[in-house]
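Below, all heavy atoms of this structure are taken into account, side chains as well, without hydrogens, waters or symmetry copies.
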Amino acid sequence: MPRFPIARALIRFAGRARRNWLDRHQTPANFWIHMLGIPLAFAGVPLLFLAEWYWGAGAIVLGYFLQWVGHRIEGNDVGEFIPIKRLLGLPVVAIAPQHRPLNEAKP
């Protein structure tokens, strides 16, 4: 009987999520813009409660804007919009056409 099956499942999920994220952020500019935009957007949440509301809202908007710019550079869709586009039946670009998945088996 395997020990800690939930922990093993969470580790597998985290590994798949990391590989997916790296597949969608292969261009160095996109990767590094995200390294700035993600923490900025996350920092905006506590700022909503600890400072004037516009500092928190501004950090969230600027963080997401930077990530959007990164995805325009990469040539793929922003991850949060993909489920919405699929729901509406719109075309989706998950991984930029000039890249192939990093975790794809090579022939």
Which heavy atom of [X] sits nearest a heavy atom of [Y], and at what distance?
X	Y	value
Ala96	Asn76	N-CB, 3.8 Å
Arg24	Ile95	CG-CG1, 4.4 Å
Ile73	Thr27	CG2-CG2, 4.1 Å
Pro46	Ala43	CD-O, 3.3 Å
Leu48	Trp53	CD2-O, 3.6 Å
Ala59	Leu47	CB-CD1, 4.3 Å

Applying side-chain hydrogen bond (donor to acceptor under 3.5 Å, both in side chains), can you list everything that pairs with Asn30, at least two apart in sequence or on another chain?
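Partners of Asn30 by the side-chain hydrogen bond (donor to acceptor under 3.5 Å, both in side chains) criterion, ordered by chain and then number, come out as His34, Glu74.
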
Strictly distance-based, threshold 3.5 Å: is any side-chain N or O of Asp77 a donor or acceptor partner for the main-chain N or O of Val93?
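Checked: pair present.
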
Take a 6.0 Å sphere around CG of Leu88 and say whether it holds more than 12 heavy atoms from other residues, nucleotides or ligands.
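Counting other residues, nucleotides and ligands, CG of Leu88 exceeds 12 neighbours.
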
Enclosure of Arg18 CZ (heavy-atom neighbours >12, cutoff 6.0 Å):
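For Arg18, atom CZ is not crowded (no more than 12 foreign heavy atoms under 6.0 Å).
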
Through direct or indirect side-chain contacts below 4.5 angstrom among Ile, Leu, Val, Met, Phe, Trp and Tyr, which residues connect to Ile82?
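Result for Ile82 is Val92.
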
Hey, could you give me the [atom1]/[atom2] distance between [X] and [Y], rounded to the nearest 0.5 Å?
X	Y	atom1	atom2	answer
Leu87	Phe81	CG	CZ	14.5 Å
His25	Met35	NE2	CE	8.0 Å
Asp23	Asn20	CG	CG	6.5 Å
Ile38	Tyr64	CD1	OH	9.0 Å

Is the shortest heavy-atom distance from the side chain of Ile33 to the side chain of Gln67 under 4.5 Å?
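In short, these two side chains do not touch, never coming nearer than 4.5 Å.
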
Ring centres under 6.0 Å, that's the criterion: do Phe31 and Trp21 meet it?
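Yes.
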
